[in-house]
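Remember, it's a predicted structure, so these values are computed and weren't measured experimentally. We name chains A, B, ... by the order of the sequence lines, and we start the count at 1 in each one.
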2 protein chains.
Amino acid sequence: MVKAHILYVEDDETLSMLTQEHLEQQGYLVTHKIDGKSALETIRNGAAYDLYILDVMLPEIDGFDLATTIRRKDIETPILFLSAKSMKEDRIQGLRIGADDYITKPYSMEELLLKIEVFLRRSKVRQSTAAEVVSIGDIEFEYQNLILHQGGEEVTLTQREADLLMFLWKNRNQVVRRSDILEALWGEDDYFLGRSLDVFISRLRKYCKFDDRLKIENIHGVGFKLKCPE
Amino acid sequence: MVKAHILYVEDDETLSMLTQEHLEQQGYLVTHKIDGKSALETIRNGAAYDLYILDVMLPEIDGFDLATTIRRKDIETPILFLSAKSMKEDRIQGLRIGADDYITKPYSMEELLLKIEVFLRRSKVRQSTAAEVVSIGDIEFEYQNLILHQGGEEVTLTQREADLLMFLWKNRNQVVRRSDILEALWGEDDYFLGRSLDVFISRLRKYCKFDDRLKIENIHGVGFKLKCPE
DNA sequence: TCGCTCGGTTAACAACGAATTAACAATACT
DNA sequence: AGTATTGTTAATTCGTTGTTAACCGAGCGA
């Protein structure tokens, strides 16, 4: 079970690779982006994270701009800033909203892990409540538990299947481009991952057969559309 | 996914040919013009670009004049200037609006490609938002979702059909030249693509039958005009 | 360590569909 | 009338997609 999905934005390649490895060892799912633009892109395309770790010093769009932009859409998810020692505290303070916090570089892994722990525990308390259940036609979909209720029957999905279904559902009755799906769920877009996506679509279609109002349509050369009532 | 369309204005033939090739290899759709006059012409004729790359030193109308003229109609699209090393920064600074930037010659391809990436990604982020719906007579056109609502009926367009319809709509009640359509949507203009265009026009006409105030007129030897109310 | 299971990817091949090309009729210009 | 352009439908082509099965590495228990 994945503990949490972290979006980690850091332009220093060596440092980021190291950190990412470390976090993954701890059981976190880490999506690493080297700049603000690619980070924003994954977010825009519907990827959902439990925590953002943003380096403050980034080329083009810096950590603050990034945070500001994120906050326009998502006021919930905590942000952890990584700032240089010399950074004036007040800029960070000015941006901090609720749970946000920062660590000054250089930091130790322990320090980082500790902050993360604290963060996630805190926001977990805030959310927790009932596992969200969405209705897709006559099918009930528990994303967190990877369960699909089809009348009396219960099907267990894999994480990927659930992610893809959720992504389609969030954009239901709209055209979703292949490349956006791949970017959001796989993090990259190449021929083979594209074929993989087709395989998953094929599987989801089988689940959808339970309610024939549900259809995953293909838009040739463009992407897919989950057609469902409501 | 439609590739990004770049208008590249550069009078040095060797350099421009090289650059164009390179950019096309990267999957961009490049329209190259050797002077300001012809560049302005394609723009006036309704071609829509995602990025302008303008050499500063051009005969007749230079890059700055060109940019100024472009900005009168189009304040959105980013402009990338190519300037000689010796160029005073302040002139460029004075012209830069928002996202614009410049590269000094000589530049490496990597440098150029990087800038382009950054630009395009940025403007992509800026747009996104809700699917825009345009009304063409009694027909509602959701470009992003490739949908045409004709009263209760719903038709799904192909990407090309949608692109063409959008192009005509953006220049509605105006004559659009065949060559400009081809340049803008196909990136090149030859006999066969021209026939292909005719086939698409024919299809769009069928869709337009739903509201008989809509007409796609042919201007013999020149192009088409989408006539619609408003 | 071996072999099993599981999820995801890759392979293979059939089926499909959008865009192009072809063909021919209709129309406009000279 | 004669030629070029356009309208329209049909045939062709070739990349995209659907689907099933094989493959492969990670994790796990014997």
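With a heavy-atom cut-off of 4.0 Å to chain A, the contacted part of DNA chain C has its first and last nucleotide at C:dG7 to C:dA18.
In this entry the distance linking CG of A:Leu193 with P of D:dT17 reads 14 Å, nearest Å. Residue A:Leu164 contributes atom CG, which lies 12 Å from atom P of D:dG18 at whole-angstrom precision. Separating the CG atom of A:Leu204 from the C1' atom of D:dT17 is a distance of 15 Å, rounded to the nearest angstrom. Separating the NZ atom of B:Lys215 from the C1' atom of D:dG7 is a distance of 15 Å, rounded to the nearest angstrom. Taking atom CD of B:Glu217 as the reference point, atom C1' of D:dG7 lies 15 Å away to the nearest angstrom.
Taking 4.0 Å as the cut-off between side-chain N and carboxylate O, B:Lys37 and B:Asp35 do not count as a salt-bridged pair. Ion pairing between a basic and an acidic side chain is recognised when a charged N comes within 4.0 Å of a carboxylate O; B:Asp189 and B:Arg178 show no such pairing.
The cationic atom of B:Arg195 (NZ for Lys, CZ for Arg) does not lie both less than 6.0 Å from the six-membered ring centre of B:Phe192 and within 45° of the ring axis.
Residues passing the salt bridge (charged side-chain N to carboxylate O under 4.0 Å, His left out) test with A:Asp163, sequence neighbours excluded: none. Applying the ring-ring contact (aromatic ring centres under 6.0 Å, His included) criterion to A:Phe224, with sequence neighbours excluded, gives no partner residue. By the salt bridge (charged side-chain N to carboxylate O under 4.0 Å, His left out) test, A:Lys33 pairs with A:Glu183, sequence neighbours left out.
Paired with B:Phe210 under the rule side chain to side chain contact (heavy atoms under 4.5 Å, CB included), one option of B:Ile139, B:Ile136, B:Leu148 passes, and it is B:Ile139.
Counting only residues at least two apart or on different chains, the side-chain hydrogen bond (donor to acceptor under 3.5 Å, both in side chains) pairs with a member in residues 146-158 of chain B are B:Glu142-B:His149.
Taking the nucleotide of DNA chain D with the nearest heavy atom to each of A:His220 and B:Gly221, the more 5' of the two is matched to B:Gly221.
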Could you list the protein-to-nucleotides 19-26 of chain D atom pairs, N/O on both sides, closer than 3.5 Å?
from: D:dT19; atom 1: O4; to: A:Arg195; atom 2: NH2; distance (Å): 3.4
from: D:dT20; atom 1: OP2; to: A:Lys206; atom 2: NZ; distance (Å): 3.1

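Note on B:Ser196: a base of the nucleic acid sits closer than 4.0 angstrom, heavy atoms only. Among the protein residues, A:Tyr191 comes within range of no part of the nucleic acid, since none of its heavy atoms lies under 4.0 Å from any strand.
The shortest side-chain heavy-atom distance between A:Leu80 and A:Leu112 falls under the 4.5 Å cut-off.
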